[in-house]
Amino acid sequence: MSTINFANREINFKIVYYGPGLSGKTTNLKWIYSKVPEGRKGEMVSLATEDERTLFFDFLPLDIGEVKGFKTRFHLYTVPGQVFYNASRKLILRGVDGIVFVADSAPGRLRANAESMRNMRENLAEYGLTLNDVPIVIQVNKRDLPDALPVEMVRAVVDPEGRFPVLEAVATEGKGVFETLKEVSRLVLARVAGGS
Amino acid sequence: MVEPSLVLYGAPYERAVEVLEETLRETGARYALLIDRKGFVLAHKEALWAPKPPPLDTLATLVASNAAATQALAKLLGEACFQEEVHQGERMGLYVDEAGEHALLVLVFDETAPLGKVKLHGKRAAEALARIAEEALANPPRLALDTEYREGAEALLDDLLRN
(Lines give C-alpha, C1' and ligand atoms only; values in the text may rest on other atoms or scores of the structure.)
Protein backbone atom coordinates (compact mmCIF):
# COMPACT_ATOMS: atom_id res chain seq x y z
CA MET A 1 0.00 0.00 0.00
CA SER A 2 1.30 3.44 -0.91
CA THR A 3 2.65 5.66 1.83
CA ILE A 4 0.99 9.04 2.07
CA ASN A 5 2.60 11.82 4.06
CA PHE A 6 -0.11 14.47 4.39
CA ALA A 7 2.12 16.77 6.39
CA ASN A 8 4.75 16.99 3.67
CA ARG A 9 2.10 16.34 1.01
CA GLU A 10 3.91 13.38 -0.46
CA ILE A 11 2.69 10.11 -1.93
CA ASN A 12 5.19 7.31 -2.31
CA PHE A 13 4.89 4.06 -4.22
CA LYS A 14 7.14 1.03 -4.05
CA ILE A 15 7.85 -0.87 -7.28
CA VAL A 16 9.92 -4.05 -7.14
CA TYR A 17 11.75 -5.63 -10.08
CA TYR A 18 11.68 -9.39 -9.57
CA GLY A 19 13.00 -12.26 -11.69
CA PRO A 20 15.72 -14.88 -12.05
CA GLY A 21 19.42 -14.11 -11.71
CA LEU A 22 21.00 -12.16 -14.57
CA SER A 23 17.65 -11.48 -16.25
CA GLY A 24 18.36 -7.73 -16.33
CA LYS A 25 16.65 -6.22 -13.28
CA THR A 26 19.59 -4.03 -12.30
CA THR A 27 20.13 -3.13 -15.96
CA ASN A 28 16.58 -1.74 -16.07
CA LEU A 29 17.29 0.51 -13.09
CA LYS A 30 20.66 1.60 -14.44
CA TRP A 31 19.05 2.62 -17.72
CA ILE A 32 16.35 4.59 -15.95
CA TYR A 33 18.97 6.26 -13.77
CA SER A 34 21.04 7.22 -16.81
CA LYS A 35 18.10 8.80 -18.66
CA VAL A 36 16.09 10.56 -15.98
CA PRO A 37 17.28 14.16 -15.52
CA GLU A 38 18.96 15.37 -12.36
CA GLY A 39 16.51 16.74 -9.86
CA ARG A 40 13.97 14.06 -10.71
CA LYS A 41 15.97 11.16 -9.33
CA GLY A 42 17.80 10.41 -6.12
CA GLU A 43 21.03 8.57 -5.67
CA MET A 44 21.00 5.00 -6.98
CA VAL A 45 22.09 2.61 -4.26
CA SER A 46 23.37 -0.84 -5.21
CA LEU A 47 24.14 -3.38 -2.53
CA ALA A 48 26.09 -5.75 -4.71
CA THR A 49 28.92 -8.25 -4.48
CA GLU A 50 32.37 -7.52 -5.90
CA ASP A 51 31.39 -9.10 -9.19
CA GLU A 52 28.37 -6.80 -9.43
CA ARG A 53 25.74 -9.39 -8.56
CA THR A 54 22.96 -7.93 -6.45
CA LEU A 55 23.43 -9.00 -2.84
CA PHE A 56 20.50 -7.30 -1.13
CA PHE A 57 18.85 -4.80 -3.47
CA ASP A 58 19.26 -1.83 -5.79
CA PHE A 59 17.27 1.28 -4.99
CA LEU A 60 16.37 4.26 -7.14
CA PRO A 61 13.92 6.98 -6.03
CA LEU A 62 12.11 8.86 -8.82
CA ASP A 63 10.25 12.10 -8.29
CA ILE A 64 7.63 12.49 -10.99
CA GLY A 65 6.45 15.89 -9.80
CA GLU A 66 3.44 17.36 -8.06
CA VAL A 67 -0.09 16.18 -8.69
CA LYS A 68 -3.01 17.97 -7.03
CA GLY A 69 -0.64 19.39 -4.45
CA PHE A 70 0.99 16.04 -3.68
CA LYS A 71 4.61 15.37 -4.52
CA THR A 72 4.52 11.91 -6.08
CA ARG A 73 7.46 9.55 -5.83
CA PHE A 74 8.18 6.07 -7.10
CA HIS A 75 10.78 4.06 -5.22
CA LEU A 76 12.22 1.38 -7.49
CA TYR A 77 13.87 -1.70 -6.03
CA THR A 78 15.40 -4.83 -7.48
CA VAL A 79 15.72 -8.10 -5.63
CA PRO A 80 18.76 -10.38 -5.85
CA GLY A 81 17.92 -13.01 -8.44
CA GLN A 82 20.25 -15.75 -7.30
CA VAL A 83 18.34 -18.62 -5.73
CA PHE A 84 20.19 -18.63 -2.40
CA TYR A 85 19.35 -15.00 -1.58
CA ASN A 86 15.71 -15.74 -0.91
CA ALA A 87 15.73 -14.28 2.60
CA SER A 88 16.68 -10.88 1.10
CA ARG A 89 14.08 -11.17 -1.66
CA LYS A 90 11.35 -11.75 0.85
CA LEU A 91 12.28 -8.64 2.83
CA ILE A 92 12.23 -6.39 -0.22
CA LEU A 93 8.65 -7.40 -1.06
CA ARG A 94 7.34 -5.90 2.17
CA GLY A 95 4.87 -3.12 1.38
CA VAL A 96 5.19 -3.55 -2.39
CA ASP A 97 2.74 -1.56 -4.57
CA GLY A 98 3.66 -3.01 -7.97
CA ILE A 99 5.94 -5.66 -9.47
CA VAL A 100 7.87 -5.91 -12.72
CA PHE A 101 8.76 -9.53 -13.34
CA VAL A 102 11.84 -9.51 -15.59
CA ALA A 103 11.98 -12.80 -17.49
CA ASP A 104 14.97 -14.00 -19.49
CA SER A 105 14.50 -14.95 -23.17
CA ALA A 106 17.51 -17.30 -23.25
CA PRO A 107 16.53 -20.94 -23.97
CA GLY A 108 18.52 -22.20 -20.99
CA ARG A 109 16.65 -19.92 -18.58
CA LEU A 110 13.10 -21.12 -19.10
CA ARG A 111 13.13 -23.19 -15.94
CA ALA A 112 14.76 -20.34 -13.97
CA ASN A 113 11.93 -18.02 -15.07
CA ALA A 114 9.32 -20.49 -13.88
CA GLU A 115 11.15 -21.10 -10.59
CA SER A 116 11.45 -17.38 -9.92
CA MET A 117 7.73 -16.81 -10.50
CA ARG A 118 6.89 -19.69 -8.18
CA ASN A 119 9.27 -18.22 -5.60
CA MET A 120 7.64 -14.80 -5.93
CA ARG A 121 4.22 -16.32 -5.36
CA GLU A 122 5.50 -18.06 -2.22
CA ASN A 123 7.17 -14.92 -0.89
CA LEU A 124 4.06 -12.82 -1.48
CA ALA A 125 2.06 -15.43 0.39
CA GLU A 126 4.28 -14.80 3.43
CA TYR A 127 2.72 -11.32 3.53
CA GLY A 128 -0.74 -12.72 2.98
CA LEU A 129 -0.78 -11.62 -0.66
CA THR A 130 -1.61 -13.44 -3.88
CA LEU A 131 -0.69 -12.52 -7.43
CA ASN A 132 -4.13 -10.87 -7.69
CA ASP A 133 -3.41 -8.42 -4.88
CA VAL A 134 -0.47 -6.64 -6.51
CA PRO A 135 -0.31 -5.07 -9.99
CA ILE A 136 2.19 -7.14 -12.01
CA VAL A 137 3.80 -6.58 -15.41
CA ILE A 138 5.91 -9.19 -17.19
CA GLN A 139 8.94 -7.88 -19.06
CA VAL A 140 10.43 -10.44 -21.44
CA ASN A 141 14.00 -9.19 -21.66
CA LYS A 142 16.97 -9.94 -23.91
CA ARG A 143 14.91 -10.03 -27.10
CA ASP A 144 18.15 -9.35 -29.01
CA LEU A 145 19.56 -12.82 -28.27
CA PRO A 146 19.98 -14.74 -31.54
CA ASP A 147 18.31 -17.78 -30.01
CA ALA A 148 15.71 -15.90 -27.96
CA LEU A 149 12.68 -18.03 -27.23
CA PRO A 150 9.31 -16.86 -28.57
CA VAL A 151 7.59 -14.49 -26.14
CA GLU A 152 4.61 -16.81 -25.90
CA MET A 153 6.84 -19.66 -24.77
CA VAL A 154 8.32 -17.54 -21.97
CA ARG A 155 4.89 -16.33 -21.01
CA ALA A 156 3.56 -19.89 -20.91
CA VAL A 157 5.87 -20.74 -18.01
CA VAL A 158 5.52 -17.55 -15.95
CA ASP A 159 1.94 -16.57 -16.67
CA PRO A 160 0.14 -19.51 -18.27
CA GLU A 161 -3.26 -17.93 -17.71
CA GLY A 162 -2.24 -14.75 -19.51
CA ARG A 163 -3.29 -12.51 -16.64
CA PHE A 164 -0.57 -9.89 -16.80
CA PRO A 165 0.54 -7.38 -19.43
CA VAL A 166 3.66 -8.54 -21.29
CA LEU A 167 6.26 -6.18 -22.71
CA GLU A 168 9.34 -7.06 -24.73
CA ALA A 169 12.65 -5.46 -23.88
CA VAL A 170 16.34 -5.18 -24.58
CA ALA A 171 17.27 -3.50 -21.33
CA THR A 172 20.94 -3.04 -22.25
CA GLU A 173 19.78 -0.73 -25.05
CA GLY A 174 16.89 0.74 -23.09
CA LYS A 175 14.29 -0.82 -25.38
CA GLY A 176 11.09 -1.44 -23.48
CA VAL A 177 12.50 -0.16 -20.18
CA PHE A 178 10.46 3.04 -19.86
CA GLU A 179 7.41 1.36 -21.37
CA THR A 180 7.54 -1.31 -18.68
CA LEU A 181 7.87 1.21 -15.87
CA LYS A 182 5.04 3.29 -17.26
CA GLU A 183 2.79 0.25 -17.55
CA VAL A 184 3.32 -0.92 -13.99
CA SER A 185 2.99 2.65 -12.69
CA ARG A 186 -0.34 3.03 -14.51
CA LEU A 187 -1.62 -0.16 -12.93
CA VAL A 188 -0.46 0.97 -9.49
CA LEU A 189 -2.11 4.37 -9.88
CA ALA A 190 -5.31 2.75 -11.13
CA ARG A 191 -5.33 0.54 -8.05
CA VAL A 192 -5.07 3.44 -5.58
CA ALA A 193 -6.91 6.15 -7.46
CA GLY A 194 -9.70 4.47 -9.35
CA GLY A 195 -9.76 3.43 -12.97
CA SER A 196 -9.09 0.14 -14.69
CA MET B 1 -3.47 -5.65 2.02
CA VAL B 2 -1.74 -7.10 5.02
CA GLU B 3 0.72 -4.24 5.35
CA PRO B 4 -1.24 -1.31 6.76
CA SER B 5 -0.43 2.13 5.49
CA LEU B 6 0.87 4.29 8.30
CA VAL B 7 -0.22 7.84 7.60
CA LEU B 8 0.71 10.68 9.91
CA TYR B 9 -0.98 14.05 9.66
CA GLY B 10 -2.70 16.61 11.80
CA ALA B 11 -2.32 16.26 15.55
CA PRO B 12 -0.43 12.90 15.57
CA TYR B 13 2.05 14.31 13.07
CA GLU B 14 2.57 17.44 15.16
CA ARG B 15 3.14 15.33 18.26
CA ALA B 16 5.61 13.11 16.42
CA VAL B 17 7.55 16.17 15.31
CA GLU B 18 7.56 17.48 18.89
CA VAL B 19 8.99 14.17 20.10
CA LEU B 20 11.69 14.31 17.43
CA GLU B 21 12.53 17.93 18.32
CA GLU B 22 12.77 17.16 22.00
CA THR B 23 14.96 14.15 21.28
CA LEU B 24 17.33 16.30 19.24
CA ARG B 25 17.54 18.78 22.13
CA GLU B 26 18.10 16.12 24.78
CA THR B 27 20.63 14.04 22.89
CA GLY B 28 22.50 16.60 20.82
CA ALA B 29 21.91 14.44 17.75
CA ARG B 30 21.93 16.02 14.28
CA TYR B 31 18.89 14.46 12.65
CA ALA B 32 15.88 12.56 13.92
CA LEU B 33 13.53 10.63 11.64
CA LEU B 34 10.42 8.55 12.02
CA ILE B 35 10.21 6.12 9.12
CA ASP B 36 7.90 3.27 8.26
CA ARG B 37 9.10 -0.31 7.84
CA LYS B 38 8.95 0.05 4.07
CA GLY B 39 11.62 2.73 4.19
CA PHE B 40 9.51 5.87 3.69
CA VAL B 41 10.01 8.98 5.81
CA LEU B 42 6.96 9.85 7.94
CA ALA B 43 8.43 12.81 9.83
CA HIS B 44 11.86 14.30 10.36
CA LYS B 45 13.65 17.12 12.14
CA GLU B 46 17.13 18.51 11.85
CA ALA B 47 19.07 20.33 14.56
CA LEU B 48 19.41 24.01 13.65
CA TRP B 49 23.19 23.82 13.75
CA ALA B 50 23.44 20.61 11.71
CA PRO B 51 24.86 20.62 8.19
CA LYS B 52 22.70 19.53 5.25
CA PRO B 53 21.61 15.92 5.85
CA PRO B 54 22.32 13.06 3.46
CA PRO B 55 19.42 12.12 1.11
CA LEU B 56 16.67 11.11 3.52
CA ASP B 57 15.00 8.70 1.06
CA THR B 58 18.21 6.73 0.79
CA LEU B 59 18.86 6.86 4.52
CA ALA B 60 15.34 5.62 5.30
CA THR B 61 15.51 2.83 2.73
CA LEU B 62 18.83 1.52 3.97
CA VAL B 63 17.81 1.73 7.64
CA ALA B 64 14.49 -0.04 7.04
CA SER B 65 16.15 -2.78 4.98
CA ASN B 66 18.87 -3.20 7.56
CA ALA B 67 16.27 -3.39 10.33
CA ALA B 68 14.31 -5.98 8.37
CA ALA B 69 17.45 -8.07 7.89
CA THR B 70 18.30 -7.72 11.59
CA GLN B 71 14.82 -8.83 12.56
CA ALA B 72 15.13 -11.86 10.30
CA LEU B 73 18.44 -12.66 11.99
CA ALA B 74 16.83 -12.39 15.43
CA LYS B 75 14.11 -14.83 14.43
CA LEU B 76 16.73 -17.18 13.05
CA LEU B 77 18.37 -17.16 16.47
CA GLY B 78 15.09 -17.73 18.27
CA GLU B 79 14.63 -14.15 19.45
CA ALA B 80 11.42 -12.18 18.92
CA CYS B 81 13.50 -9.16 17.91
CA PHE B 82 16.74 -7.26 18.42
CA GLN B 83 15.28 -3.98 19.46
CA GLU B 84 17.85 -1.25 19.18
CA GLU B 85 20.74 -0.92 16.82
CA VAL B 86 23.75 1.35 17.12
CA HIS B 87 26.45 1.94 14.53
CA GLN B 88 29.42 4.12 15.38
CA GLY B 89 32.16 5.32 13.12
CA GLU B 90 35.01 7.70 13.89
CA ARG B 91 32.82 10.78 13.69
CA MET B 92 29.24 9.78 12.98
CA GLY B 93 26.84 7.37 14.60
CA LEU B 94 23.42 5.94 13.93
CA TYR B 95 20.82 4.83 16.45
CA VAL B 96 17.77 2.87 15.31
CA ASP B 97 14.97 1.68 17.55
CA GLU B 98 11.58 0.14 16.96
CA ALA B 99 8.72 2.59 17.33
CA GLY B 100 6.12 -0.12 17.60
CA GLU B 101 5.38 -2.71 14.99
CA HIS B 102 5.23 -0.47 11.95
CA ALA B 103 7.77 2.33 12.38
CA LEU B 104 11.36 3.02 13.30
CA LEU B 105 13.07 5.91 15.03
CA VAL B 106 16.39 6.93 13.49
CA LEU B 107 18.87 9.27 15.17
CA VAL B 108 22.00 10.42 13.37
CA PHE B 109 24.59 11.84 15.76
CA ASP B 110 28.20 12.95 15.74
CA GLU B 111 31.05 12.58 18.24
CA THR B 112 29.76 15.48 20.37
CA ALA B 113 26.61 13.57 21.37
CA PRO B 114 27.18 11.14 24.26
CA LEU B 115 26.03 7.65 23.29
CA GLY B 116 24.45 7.07 26.69
CA LYS B 117 22.17 10.06 26.22
CA VAL B 118 21.32 9.01 22.69
CA LYS B 119 20.30 5.55 23.88
CA LEU B 120 18.37 6.78 26.92
CA HIS B 121 16.38 9.46 25.15
CA GLY B 122 16.16 7.41 21.97
CA LYS B 123 14.44 4.64 23.89
CA ARG B 124 11.94 7.07 25.46
CA ALA B 125 11.25 8.72 22.12
CA ALA B 126 10.71 5.35 20.43
CA GLU B 127 8.11 4.45 23.04
CA ALA B 128 6.29 7.76 22.63
CA LEU B 129 6.38 7.45 18.84
CA ALA B 130 5.08 3.89 19.02
CA ARG B 131 1.99 5.15 20.84
CA ILE B 132 1.48 7.89 18.24
CA ALA B 133 1.90 5.40 15.39
CA GLU B 134 -0.60 3.00 16.93
CA GLU B 135 -3.09 5.82 17.31
CA ALA B 136 -2.58 6.88 13.69
CA LEU B 137 -3.08 3.31 12.50
CA ALA B 138 -6.27 3.01 14.49
CA ASN B 139 -7.70 6.17 12.89
CA PRO B 140 -6.53 6.18 9.28
CA PRO B 141 -7.49 9.27 7.27
CA ARG B 142 -9.61 8.85 4.17
CA LEU B 143 -7.46 8.81 1.08
CA ALA B 144 -8.39 11.54 -1.34
CA LEU B 145 -6.86 10.05 -4.46
CA ASP B 146 -9.25 10.19 -7.39
CA THR B 147 -9.18 9.73 -11.14
CA GLU B 148 -8.03 13.31 -11.57
CA TYR B 149 -4.97 12.50 -9.47
CA ARG B 150 -4.36 9.36 -11.51
CA GLU B 151 -4.58 11.16 -14.82
CA GLY B 152 -2.29 13.91 -13.59
CA ALA B 153 0.30 11.42 -12.36
CA GLU B 154 0.14 9.47 -15.64
CA ALA B 155 0.72 12.63 -17.63
CA LEU B 156 3.79 13.45 -15.51
CA LEU B 157 5.08 9.92 -15.98
CA ASP B 158 4.69 10.20 -19.74
CA ASP B 159 6.58 13.45 -19.62
CA LEU B 160 9.40 12.10 -17.46
CA LEU B 161 9.80 8.74 -19.20
CA ARG B 162 10.04 9.86 -22.81
CA ASN B 163 12.39 7.78 -24.92
Side-chain angles (χ1 to χ4, degrees), chain A residues 1-12 14 32 35-37 40-45 47 56-57 59 61-68 70 72-75 77 87-88 90-92 94-97 127-129 133-134 174-175 177-179 181-182 185-186 189-190 192-195, chain B residues 1-10 12-14 16-17 35-44 54-62 64-73 75-76 102 140-141 143-163:
Chain A
M1 187 71 189
S2 54
T3 294
I4 303 180
N5 186 331
F6 280 92
N8 294 342
R9 300 194 71 75
E10 287 173 3
I11 299 178
N12 297 302
K14 179 173 180 176
I32 295 165
K35 294 297 169 189
V36 168
R40 309 300 292 277
K41 63 185 176 190
E43 218 173 298
M44 180 165 164
V45 175
L47 304 184
F56 198 171
F57 60 85
F59 168 67
L62 288 185
D63 183 351
I64 71 164
E66 207 171 288
V67 192
K68 291 188 77 180
F70 280 93
T72 301
R73 291 211 183 103
F74 283 82
H75 283 190
Y77 288 77
S88 310
K90 205 181 297 177
L91 297 177
I92 303 304
R94 182 172 188 170
V96 65
D97 291 303
Y127 295 103
L129 300 171
D133 295 320
V134 186
K175 288 180 188 160
V177 171
F178 278 177
E179 290 80 355
L181 177 56
K182 275 195 268 192
S185 305
R186 278 198 190 98
L189 288 165
V192 297
Chain B
M1 288 265 182
V2 156
E3 183 79 13
S5 191
L6 181 53
V7 178
L8 279 190
Y9 84 121
Y13 173 79
E14 298 300 334
V17 169
I35 67 174
D36 70 12
R37 296 278 187 164
K38 294 177 269 178
F40 291 119
V41 178
L42 298 170
H44 83 280
L56 296 182
D57 278 349
T58 306
L59 184 69
T61 295
L62 289 172
S65 306
N66 199 26
T70 304
Q71 201 177 353
L73 272 173
K75 283 200 177 131
L76 204 62
H102 301 289
L143 307 184
L145 301 180
D146 53 17
T147 48
E148 198 186 330
Y149 172 84
R150 175 171 60 83
E151 285 164 9
E154 283 179 3
L156 285 177
L157 270 168
D158 281 338
D159 195 41
L160 182 64
L161 304 178
R162 270 185 305 204
N163 276 314

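To find a chain, count down the sequence lines: A is the first, B the second, and so on, and within it residues start at 1.
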Does Leu62(B) form a side chain to side chain contact (heavy atoms under 4.5 Å, CB included) with Leu47(A)? I'd like the steps, not just the answer. CA-CA 10 Å; Leu62(B) 289 172; Leu47(A) 304 184; 4.0 Å; yes
For Val45(A) and Thr61(B): C-alpha separation, side-chain torsions, deciding distance, then whether side chain to side chain contact (heavy atoms under 4.5 Å, CB included) applies. CA-CA 10 Å; Val45(A) 175; Thr61(B) 295; over 6 Å; no
Would Glu10(A) and Val41(B) satisfy side chain to side chain contact (heavy atoms under 4.5 Å, CB included), going step by step from the backbone distance to the final call? CA-CA 10 Å; Glu10(A) 287 173 3; Val41(B) 178; 5.7 Å; no
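The choice from Met44(A), Lys175(A), Arg40(A) that makes the most heavy-atom pairs within less than 4.5 Å of chain B is Arg40(A).
When heavy atoms are compared at a cutoff of 4.5 Å, Leu91(A) approaches chain B solely by way of its side chain, counted from C-beta outward. Contact annotation for Glu148(B): both backbone and side-chain heavy atoms come within less than 4.5 Å of a heavy atom of chain A.
Looking at heavy atoms from C-beta onward, Leu161(B) lies in side-chain contact with Leu181(A) at the 4.5 angstrom threshold. Using a 4.5 Å heavy-atom threshold, the side chains of Arg73(A) and Asp57(B) count as touching. No side-chain heavy atom of Leu156(B) sits less than 4.5 Å from a side-chain heavy atom of Thr72(A).
Of all heavy-atom pairs spanning Lys182(A) and Leu157(B), the tightest one is CD-O, 4.3 Å. Shortest non-hydrogen contact noted between Leu160(B) and Pro37(A) is CD1-CD, 4.0 Å. Contact detail for Phe40(B) and His75(A): the closest heavy-atom pair is CE2-ND1, 2.8 Å. Minimum interatomic distance between Thr58(B) and Phe59(A) (heavy atoms only, all atoms of both residues): CA-CE2, 3.9 Å. Lys38(B) and Arg94(A) make their closest contact through CG-O, 3.9 Å (heavy atoms, listed as atom of the first residue, atom of the second, distance). Heavy atoms only, all atoms of each residue included: Ala153(B) and Leu189(A) are closest at CB-CD1, 3.6 Å.
A salt bridge links Asp158(B) with Arg186(A); the closest basic N to acidic carboxylate O contact falls under 4.0 Å.
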